[in-house]
Number of protein chains: 2
Amino acid sequence: MLTIGEFSKISHLTLKTLRYYDEIGLLKPAFIDAKNNYRYYNISQLETALLIARLKSYLFSLEEIKVILANWENTELLNSKMKAKQENLTQQITFYSSLLKKLKIDIQLLDEEENIMGYLDQIEIKVVDHLTYHILSQRKQMNTADFLLHFNELFSKILFENLSPIAKPLAIFHSSEYEPENYDVEIAIPLAMATNKTKVFNPGLCAMATLIGSYDDLPSIHTKLHVWLAENNYKLNSAPFEVYQTDPYSTPEENNIIEVYFPIK
Amino acid sequence: MLTIGEFSKISHLTLKTLRYYDEIGLLKPAFIDAKNNYRYYNISQLETALLIARLKSYLFSLEEIKVILANWENTELLNSKMKAKQENLTQQITFYSSLLKKLKIDIQLLDEEENIMGYLDQIEIKVVDHLTYHILSQRKQMNTADFLLHFNELFSKILFENLSPIAKPLAIFHSSEYEPENYDVEIAIPLAMATNKTKVFNPGLCAMATLIGSYDDLPSIHTKLHVWLAENNYKLNSAPFEVYQTDPYSTPEENNIIEVYFPIK
DNA sequence: ATTGACCCTCCCCTTACAGGAAGCATTATA
DNA sequence: TATAATGCTTCCTGTAAGGGGAGGGTCAAT
């Protein structure tokens, strides 16, 4: 039997950590002296501690580790968790790598004494009179993370009901605030002919800017448009919408072309 | 003037986020109506919001971003912070990559139906009678993170006082628990001759195991040794110590050779 | 005048502990 | 044996960056 201090020294886990693991039920001492609440550990628990440390080094959460330990006999579980973690780490690495790439571009800009927000001045705003369309649309509360998925239903309908799209798909944003988990969006596809399921989409005069790049830059475009509206004494007349000019499935993230329209008056 | 909802929609920051940024002083609304506490933002603050989002995407903490914004005129600061962050990201990537490599090895083990803790059984324990040395030593409370640095002083003394080391440097662990920030360690170098500054180091009979690999595996060795002591009815006779057989500065992390000794009775 | 959308503050929750206080228990030393 | 030094306990607070929700006030349009 080892006291918590001895156990700490051998396992290289602090007292705080051991007490915390006890509390969350990850590693409970083999024996607790009822009269003074002293914790005592088995020597064999040292190996459990090693295992925990090992899994922790792979960035599993303590909750995940608990599950793995509880099903230690089930090697399939561990195997699949490990493979999931591998996938996870790989994604992290690509994420960090692309971040690093962007960062380096900005550093170069800074070294050339340019403003890193300078790209904002490159955004060009046009005033256009948008065509009137008959659109097939669906309005939903959606999670912005799986925005794309929601188009599938529409695409499918068009395919199976032999409808003919006449322009690129678009999305109309009705939300009054930014709520990524529960975003009020109407996705739509303009059709060549009106049916009883279509409705008329007639935004009229619009301020428009084109985004070439990642969706992450959408706030920049929106900001630009709003600043422009304010400077030119226009008001937003109805919900902003976006037209997707490129296929997000086959286009690399940074080459997407999205037109953002603000109906104005 | 924009209400918080409008500002949220354009900037793609949630209401929660905006209120939080107000609270921590990162982005305070330009105007607050005193009678109802409504927050109102300037259009120009949208660009600040964009900047914040940008820096956040580079994984700066909000605290860092606050500092950067406060010194926005000082382009040097931003530049240096960006370069530090670049370094940081690079390290993260190497860290994740090496983790991924280890993970893949374990996955392969699992696929071959081996236990991932199997390496524990490979650790060989010998009983040896340790030589007696005259050691030049220093006992300190240290942070385990800069363990190596503490040797420099000793090395320097040996060099400038023309002393002759006779064996590899070692460290004796007096701590009674694991406290990474404040670890009670005695670092020592055995010398050929006794002086008035040396003391006798005579651990006697020891159980010994050799670690080839990263320092992270030290708990495994300690665990192994403790299990062995318990199984063979020995007791720890004095503080455990480690002998560093390889130069940590020139040896890649995974090739270090460290001998761990437990004086026994 | 009412209603529904919008805004406010306040409190609790998240991870994986660290830091510290206050108070027993055990062990070492004088 | 008395005292001091450790060792152990529980409990409280704090971390980063907000999310979730309660309870209640306010605004704009009908």
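Computation of the quantities below employed the complete heavy-atom set of this structure, encompassing side-chain atoms and omitting hydrogens, waters and symmetry-equivalent molecules. Model, not experiment: these values are computed from the prediction. Proteins come first, then strands; the chains are lettered A, B, ... in the order of their sequence lines, and each starts at number 1.
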- Item | Reported CG-to-CZ distance for the pair B:L120 and A:R54, which is rounded to 0.5 angstrom | 8.5 Å

- Task: Could you tell me whether a side-chain N or O of A:N74 sits under 3.5 Å from a main-chain N or O of A:L77, the two making a donor and an acceptor?
- Result: yes

- Item | Nearest-angstrom distance from the residue atom CD1 of A:I4 to C1' of C:dA25 | 15 Å

- Message: Does B:I24 reach a base, just sugar-phosphate, or nothing at all? Heavy atoms under 4.0 Å.
- Response: nothing

- Item | Short side-chain to backbone donor-acceptor contact, A:Q45 and A:K28, under 3.5 Å | yes

- Protein-to-nucleotide contact annotation, 5' to 3' order, nucleotides 23-30 of chain D [B base; S sugar-phosphate only; - none; under 4.0 Å, heavy atom]: --BBS---

- Query: Between A:R39 and C:dA25, is there a side-chain N or O to OP1/OP2 distance below 4.0 Å?
  - Reply: no

- Message: Pair A:S220, A:Y119 - check side chain to side chain donor-acceptor pair (under 3.5 Å), show working.
- Response: CA-CA 9 Å; A:S220 307; A:Y119 72 96; 2.8 Å; yes

- Message: What's the separation between atom CG in B:L99 and atom CG in A:L59, rounded to the nearest 0.5 Å?
- Response: 5.0 Å

- Query: To the nearest angstrom, how far is A:I32 atom CD1 from D:dC8 atom P?
  - Reply: 14 Å

- Distance in angstrom units between A:M1 CE and D:dC8 P, rounded: 15 Å

- Message: Rounded to whole Å, please give me the gap between CG in A:L18 and C1' in D:dG7.
- Response: 14 Å

- Task: Please check the phosphate of D:dG18 (OP1 and OP2 only) for any side-chain N or O of B:R19 closer than 4.0 Å.
- Result: no

- Message: Working note: B:H174 + B:E186, criterion side chain to side chain donor-acceptor pair (under 3.5 Å); need CA distance, chi angles, decisive distance, verdict.
- Response: CA-CA 7 Å; B:H174 297 282; B:E186 184 173 2; 2.8 Å; yes

- Message: Counting only heavy atoms not in B:K140 (residues, nucleotides, ligands), do more than 12 fall under 6.0 Å from its NZ?
- Response: yes

- For B:K66 and D:dA16, what is the distance between atoms NZ and P respectively, to the nearest whole Å? 11 Å

- Atom-pair distance (CG on A:D22; C1' on D:dT10), nearest Å: 12 Å

- Query: Please give, in whole Å, the distance from C:dC8 P to B:F7 CZ?
  - Reply: 13 Å

Nucleotides 17-20 of chain C: which of its N/O atoms have a protein N/O under 3.5 Å away?
unit_1, atom_1, unit_2, atom_2, d
C:dC17, OP2, A:Y21, OH, 2.7
C:dA18, OP2, A:T14, OG1, 2.9
C:dG19, N7, A:K16, NZ, 2.9
C:dG19, O6, A:K16, NZ, 3.0
C:dG20, O6, A:K16, NZ, 2.7

- Message: Once rounded to the nearest 0.5 Å, what's the spacing between atom CG of A:D106 and atom CD of B:Q86?
- Response: 11.0 Å

- Roughly how bent is the helix from C:dA1-D:dT30 to C:dA30-D:dT1 end to end, in steps of 10 degrees, with each end axis from five pairs? 30°

- Message: Could you check whether any side-chain N or O of A:K66 sits under 3.5 Å from a backbone N or O of A:I24, counting only pairs where one atom can act as donor and the other as acceptor?
- Response: yes

- Return the value, rounded to whole Å, for the distance between atom CD of A:E23 and atom C1' of C:dT14. 14 Å

- Kindly say whether the aromatic ring centers of A:F241 and A:F201 come within a distance under 6.0 Å. yes

- Query: Do the two ring centres, one from B:Y183 and one from B:Y178, sit under 6.0 Å apart?
  - Reply: yes

